[in-house]
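What you see is a predicted model, and the numbers here were worked out from it, not measured in a lab. In what follows, chains carry the letters A, B, and so on, assigned in the order in which the sequence lines appear, proteins first and then strands, with residues in each chain numbered from 1.
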Amino acid sequence: GENVEQHPSTLSVQEGDSAVIKCTYSDSASNYFPWYKQELGKRPQLIIDIRSNVGEKKDQRIAVTLNKTAKHFSLHITETQPEDSAVYFCAASYSGGGADGLTFGKGTHLIIQP
Amino acid sequence: NAGVTQTPKFQVLKTGQSMTLQCAQDMNHNSMYWYRQDPGMGLRLIYYSASEGTTDKGEVPNGYNVSRLNKREFSLRLESAAPSQTSVYFCASSETLRGLSYTFGSGTRLTVV
């Protein structure tokens with residue numbers, strides 16, 4: 001099955017700086033890569049996703065890049081704000097036989113320092 | 001439009017007690033999932049149902065059972081709760097099993113003493 005590694009586990013940045021979270025996946029058949037944000041005590045919510053036929057996708061201050069050859073994808077947050085403080089999860093969806101949906105990374109706790 | 005509704009939100013059980021976590025979605029999704037979330041472990045799949053009438057084990061199924069009651073409802077049962085099952089449980093749904101994002105419920109915080 002798929003295995004997703006996520007780094008770092010904790011990331012502290014100054015407000016206004018950029019933050020980058022990186023994930024690698026094991027199975028080259030994976031073709032869908034969403035990112036979820038989970039605020040303290042809340043449910044995970046989708047913030048951006050990318051498919052394997054696209055190399056980069058942007059939505060305001062958030063962008064995701066995908067390198068299929070290296071099997072890694074990254075979340076970039078620019079001009080960070082206090083409300084960006086949360087746990088972020090990457091995930092990969094394998095489309096082959098026996099697939100069981102999304103496989104999640106272990107999460108990154110992003111802390112925005114004032 | 002409620003999305004995915006989970007009940008209860010909080011529960012305390014004694015070791016050996018049983019309980020059922022309920023999940024219902026109103027988005028006409030085919031696939032539903034149960035995850036547990038523990039500190040530093042991310043979201044781990046317990047069971048999933050690709051479509052009505054089917055259920056399959058995920059990464060950590062031991063100690064749990066599930067029922068896909070109909071297209072809307074997917075319940076998770078703990079037959080004999082253990083302290084190791086203390087966790088936050090999330091139900092989720094998606095239109096299909098592959099290639100689409102999930103909508104999560106608000107979670108159930110379960111403590112087994």
Tyr88(A), Ile112(A): one ILVMFWY side-chain cluster at the under-4.5 Å cut-off? yes
Rounded to the nearest 0.5 Å, the CD atom of Gln37(B) sits from the NZ atom of Lys106(A) at a distance of 12.0 Å
For the hydrophobic clusters of this structure (ILVMFWY residues joined by side-chain heavy atoms under 4.5 Å, transitively), does one cluster hold both Tyr64(B) and Leu110(B)? yes
Under 4.5 Å from a heavy atom of chain A, the part of Val88(B) involved: neither
Is the count of non-hydrogen atoms from other residues, nucleotides or ligands lying under 6.0 Å from Gln60(A) atom CD greater than 12? no
Please report the interatomic distance CG(Leu46(A)) to OG(Ser101(B)), rounded to the nearest 0.5 Å. 4.5 Å
Under 4.5 Å from any heavy atom of chain A, what part of Phe104(B) do you find: side chain, backbone, both or neither? both
Quick one: does any side-chain atom of Tyr36(A) pair with a main-chain N or O of Tyr102(B) as donor and acceptor, under 3.5 Å? yes
Using heavy-atom distances under 4.5 Å, tell me whether Gln38(A) contacts chain B through its side chain, its backbone, both, or neither. side chain
For chain A, which of Gly42(B), Ala92(B), Gly40(B), Ser94(B) has the most heavy-atom pairs under 4.5 Å? Gly42(B)
What about Ile47(A) and Ile21(A), same hydrophobic cluster or not, with Ile/Leu/Val/Met/Phe/Trp/Tyr joined at side-chain heavy-atom distances under 4.5 Å? yes
Would a hydrophobic clustering, with Ile, Leu, Val, Met, Phe, Trp and Tyr connected at side-chain separations under 4.5 Å, put Leu21(B) with Val60(B)? yes
Which region of Phe33(A), side chain (C-beta onward) or backbone (N, CA, C, O), has a non-hydrogen atom less than 4.5 Å from a non-hydrogen atom of chain B, or is it both or neither? neither
Same cluster or not: Leu78(B) versus Phe74(B), using hydrophobic residues (I, L, V, M, F, W, Y) connected whenever any side-chain heavy atoms lie under 4.5 Å apart? yes
Is the number of heavy atoms from other residues, nucleotides or ligands within 6.0 Å of CD (Glu79(A)) greater than 12? no
Identify the two heavy atoms, one from Gly105(B) and one from Arg43(A), that lie closest to each other, and give their separation to 0.1 Å. O-CB, 3.1 Å
